[in-house]
Asker: 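Here it is: the structure, laid out below.
Keep in mind that this is a model prediction, so the values were computed, not measured.
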Amino acid sequence: MSNIKLAVEVVSAHNLLPKDEHGSSSAFVELCFDGQKFRTTIKEKDLNPVWNESFYFNVSDPSNLHYLTLDAHVYSNVRATNSRSFLGKVCLTGNSFVLHSDAVVLHYPLEKRGIFSHVRGELGLKVYITDDASIKSSTPLPAVESLSTKDPGLTHAEAPMVHSMTDTVSHKIAERHTFHHLPNPNHQQHQHQNHSSAPAISHHVPKYVADEMKASETQAPKLVRMYSASSSQPVDYALKETSPFLGGGRVVGGRVIHGDKTASTYDLVERMYFLYVRVVKARDLPAMDITGSLDPFVEVRIGNYRGITKHFDKKQNPEWNQVFAFSRERMQASVLEVVIKDKDLVKDDFVGVTRFDINEVPLRVPPDSPLAPEWYRLEDKKGEKIKGELMVAVWIGTQADEAFPDAWHSDAATPVDSTPASSTVIRSKVYHAPRLWYVRVNVVEAQDLVPSEKNRFPEVYAKDLLFVAAEPFEDHLVLSVEDRVGPGKDEIIGRVIIPLSSVEKRADDRIIHSRWFNLEKPVAVDVDQLKKDKFSSRIHLRVCLDGGYHVLDESTHYSSDLRPTAKQLWRPPIGILELGILNAVGLHPMKTRDGRGTSDTYCVAKYGHKWVRTRTLIDNLSPKYNEQYTWEVFDPATVLTVGVFDNNQLGEKGSSGKDLKIGKVRIRISTLETGRVYTHSYPLLVLHPTGVKKMGELHLAIRFTCLSFANMLYQYSRPLLPKMHYVRPFTVMQLDMLRHQAVNIVALRLGRAEPPLRKEVVEYMSDVDAHLWSMRRSKANFFRLMTILSGFFAAGKWFGDICIWNYRYRPRYPPHMNTKISQAEVVHPDELDEEFDTFPTSRSPELVITALAGFYMMRHPRFRYRTPSVPINFFRRLPARTDSML
């Protein structure tokens with residue numbers, strides 16, 4: 001059983017509200033924590049009582065301490081009625097619990113219990129954590145209650161003794177134990193101990209934290225309940241909280257316990273060591289062919305792993321500059337061999353070799369500069385020096401090394417195709433989606449149109465056309481004027497081509513000046529005919545690039561960016577989002593290889609314009625990625641999306657060519673506490689025609705760091721979308737059409753990268769079909785609405801049962817007073833205090849503004865603003881349960 005206890009010292013209270021006829025109160029404090037309840041003594045007739053009493057709560061689950069709450073209620077004892085009157089309360093969350101060395105007495109203002117409560121004053125408390133086994137938990141509440149009720153004088157006499165005993169115990173704690181802060185990036189003072197519990201840990205860790213770390217290594221992940229019991233789901237589909245050992249240390253309750261001085265910036269992933277081999281170039285290689293040259297390439301071997309560079313034709317001084325990374329935990333040999341061979345049609349010829357002892361390879365930790373490569377003399381198979389030299393750099397590093405993204409990885413080596421073309425589709429990369437603009441074209445009129453039939457007079461109607469364009473503007477805007485001569489038959493009268501780079505941009509709804517454009521004939525025309533035609537057809541257009549909108553390229557409910565297109569309207573970032581993609585477990589096989597099921601998986605994370613892709617791990621159903629990425633956060637009401645896919649581009653026979661989706665995870669930024677590390681194992685749930693199916697679990701580490709708390713609060717008062725969406729809104733049909741165009745443009749641009757991010761991946765990450773109607777989604781939304789309206793239904797039922805007179809159930813006898821209907825059985829002392837108050841009241845008045853708020857909400861549209869009000873903006877930014885819908 002854990003010895004960790006929460007100590008609470010109730011010091012004093014100040015300026016309490018009088019509750020008796022003498023203008024005073026007999027105050028006492030009731031403490032509630034983790035199902036335990038303790039009570040102080042009663043201070044008779046004192047508005048500024050002093051207790052100096054200490055209580056100790058047992059902590060049943062130390063890993064859950066972060067989520068627990070300490071409630072301190074202050075009451076006034078009413079002896080005449082043997083009841084108590086509420087004076088105020090204080091609620092403290094687990095984030096505020098510190099160690100004894102950092103604990104100070106804080107005076108908390110008393111809070112109300114309800115809207116009609118009258119409170120004032122402050123309560124002084126000192127709250128801290130201790131693990132001293134000699135300290136016993138306080139006496140349960142029934143014993144304290146009976147003691148104070150039977151003999152108040154004995155209770156008052158016992159208070160000094162309790163205080164003196166607390167001082168003695170606190171003195172023992174100071175002598176025997178030294179407590180330290182959990183590491184905080186803002187805390188500059190660190191204490192060190194000479195001894196350590198393990199050779200790899202140099203910082204002193206408190207005893208209760210060390211016990212917690214040991215227990216977390218053997219305990220299974222803890223299930224997390226996000227909603228009420230009515231919304232619970234099977235255990236296999238639930239979210240699990242974990243306590244992994246990351247690069248910064250062990251994660252316990254959302255805090256990182258630093259255990260290594262060499263912790264790098266990659267502190268949200270498990271540190272993985274790799275043997276890096278950089279093959280730079282060779283010189284003076286011996287001739288191997290009859291022509292006096294050779295086709296060299298390098299083969300890097302360690303144990304059963306082998307990496308090969310590209311080969312050069314007839315070159316004795318080749319340059320490769322290629323990096324190989326071998327996972328250190330999978331090494332089965334102690335000697336690294338770098339072999340140069342001559343490419344041949346039948347059998348590759350041996351040229352020379354250079355060997356390295358793994359135990360002598362240096363360790364490099366960023367931000368150290370890259371290791372300088374050196375020239376090594378080649379040896380033959382017997383170990384004798386031969387002609388030729390090879391420039392190589394060999395070191396041991398982590399995934400924080402700058403060579404990690406572009407290196408060839410042994411755990412990502414494909415058994416199907418080992419060509420350089422296949423290695424490019426398995427590397428980790430960062431992509432930036434293009435900045436999208438709305439192109440607005442207003443067709444005003446046309447002049448001098450010449451139809452194919454002389455007796456017809458075509459007309460052009462004013463119409464707004466909307467398109468989506470991406471930077472850089474490589475394409476042109478092409479408008480054609482067509483004449484419908486028959487059903488399904490159109491003839492082009494003229495065409496105008498407008499370069500988008502020359503179109504005027506705007507960030508508001510100001511009027512753009514219109515222009516006349518000459519229509520060009522789409523086909524070649526006789527020169528003599530052109531000389532006879534003294535005029536040409538013209539079209540009157542108003543064209544602009546609207547930068548005041550946010551181009552919606554993803555589902556509105558799960559948007560990762562809400563900024564307008566124009567950079568002049570961007571505000572500074574409010575925080576930094578860090579994501580560590582740790583591993584995946586229990587993945588379902590997505591293909592068959594050598595008669596067994598397997599998967600070649602990679603992860604894709606999307607937030608804002610930045611997309612990231614991890615390396616592909618071949619033939620692994622429990623891959624370990626351990627890659628960390630960072631984004632700037634501009635709005636808390638945004639969503640990070642992480643998806644898992646099976647790579648189907650490795651040249652296998654019978655492959656469909658499309659990467660298969662395994663599952664995805666959504667995380668709303670506004671649900672993250674700033675500075676806390678969230679380590680959870682997310683189930684990958686996918687809806688199939690046969691029903692919902694769990695495809696595995698994805699282990700992530702997430703941390704949101706707030707840069708400006710004032711800017712983040714200001715965001716909650718702003719509309720969710722830019723102002724132009726409310727000043728000149730689009731229709732639903734236009735939004736759907738524009739979103740479809742935007743997703744296609746983003747997929748086309750990301751598909752041109754190397755390695756390409758395929759279209760099916762972009763569409764799945766962008767929820768391209770989220771706007772489509774389905775019976776399941778409609779039922780889910782209906783039940784969500786019924787849950788909200790259940791309170792109104794209950795009120796209507798109460799109104800029908802109590803207020804409406806029913807002839808059938810009329811009383812047969814003259815009715816008498818009913819305590820249940822009158823709500824006299826469950827009346828609260830505060831309600832009685834309000835009922836027997838004088839008129840005008842002797843208490844401090846409180847204005848009820850419900851009626852005024854109703855008139856304000858129902859005001860005429862003439863008195864409303866185009867943009868939503870601050871309360872509505874705040875309500876819309878609150879997280880909803882749409883994040884949990886499939």
Asker: Between R510 and E504, does at least one N-O distance fall below 4.0 Å, as a salt bridge requires?
Answerer: yes
Asker: Measuring only between side-chain heavy atoms, which start at C-beta, is S708 closer than 4.5 Å to I574?
Answerer: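 No, too far: nothing below the 4.5 Å cut-off.
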Asker: Can you tell which of L582, I581, L268 makes a side chain to side chain contact (heavy atoms under 4.5 Å, CB included) with L700?
Answerer: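 When L582, I581, L268 are each tested with L700, the side chain to side chain contact (heavy atoms under 4.5 Å, CB included) holds only for I581.
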Asker: Does atom NE2 (H688) have a neighbourhood of more than 12 heavy atoms from anything else shown, all under 6.0 Å?
Answerer: yes
Asker: Cut-off 3.5 Å, side chains only: do Y607 and T638 have a donor facing an acceptor?
Answerer: yes
Asker: Assess R613 against Y431: is NZ or CZ under 6.0 Å from the centre of the six-membered ring, and within 45 degrees of the ring's axis?
Answerer: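 Checked: cation-pi criterion not met.
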Asker: To the nearest 0.5 Å, what is the distance between CG (L466) and CG (D546)?
Answerer: 8.0 Å
Asker: State plainly whether the residues D635 and R718 are in salt-bridge range, i.e. N to O under 4.0 Å.
Answerer: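 The answer is no: the pair does not qualify as a salt bridge.
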Asker: Is it true that, when you exclude L785 itself, more than 12 heavy atoms of the residues, nucleotides or ligands shown sit nearer than 6.0 Å to its CG?
Answerer: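 Yes, the 6.0 Å shell around CG holds more than 12 heavy atoms from other groups.
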Asker: Quick one: are C603 and V644 in side-chain contact, heavy atoms under 4.5 Å?
Answerer: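 They are in contact (side-chain heavy atoms under 4.5 Å apart), so the answer is yes.
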Asker: Counting heavy atoms not belonging to K661, are there more than 12 under 6.0 Å from its NZ?
Answerer: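 It does not: K661 NZ has 12 such atoms or fewer within range.
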Asker: Got a sec: does the NE2 of H557 have more than 12 other heavy atoms crowding it under 6.0 Å?
Answerer: no
Asker: Do S428 and Y625 have a side chain donor and acceptor closer than 3.5 Å?
Answerer: no
Asker: Hey, does V551 have a side-chain heavy atom less than 4.5 Å from the side chain of L738?
Answerer: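 SC-SC contact between L738 and V551 ruled out.
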Asker: Do NZ/NE/NH1/NH2 and the carboxylate oxygens of R728 and D509 come within less than 4.0 Å?
Answerer: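 Salt bridge: no.
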Asker: Surrounding CZ of F874 (heavy atoms of other residues, nucleotides or ligands, distance under 6.0 Å), is the total greater than 12?
Answerer: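 Atom CZ in F874 is not packed in, count stays at 12 or less.
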Asker: Please work out which of the three classes, parallel, tilted or perpendicular, describes the rings of H725 and Y549, given edges at 30° and 60°.
Answerer: perpendicular
Asker: Using a strict cut-off of less than 4.0 Å between a Lys/Arg side-chain nitrogen and an Asp/Glu carboxylate oxygen, indicate whether R615 and E627 qualify as a salt bridge.
Answerer: yes
Asker: Would you say that Y678 contacts T671 through its side chain, given a criterion of any heavy-atom pair below 4.5 Å between the two side chains?
Answerer: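 A side-chain contact under 4.5 Å is absent here.
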Asker: For residues R739 and S766, is any side-chain donor paired with an opposing acceptor at under 3.5 Å?
Answerer: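 Judged by distance alone, the side chains do not pair up.
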Asker: What heavy-atom pair brings A742 and L436 nearest, and what distance separates the two atoms?
Answerer: CB-CD1, 3.8 Å
Asker: For atom OH of Y726, is the number of surrounding heavy atoms from other residues, nucleotides or ligands below 6.0 Å larger than 12?
Answerer: yes
Asker: Does a side chain donor of either H740 or N744 reach within less than 3.5 Å of an acceptor in the other side chain?
Answerer: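 Indeed, the side chains of H740 and N744 share at least one donor-acceptor pair under 3.5 Å.
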Asker: Mark yes when over 12 heavy atoms from residues, nucleotides or ligands other than K610 sit less than 6.0 Å from its NZ; otherwise mark no.
Answerer: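 Check passes, neighbour count above 12.
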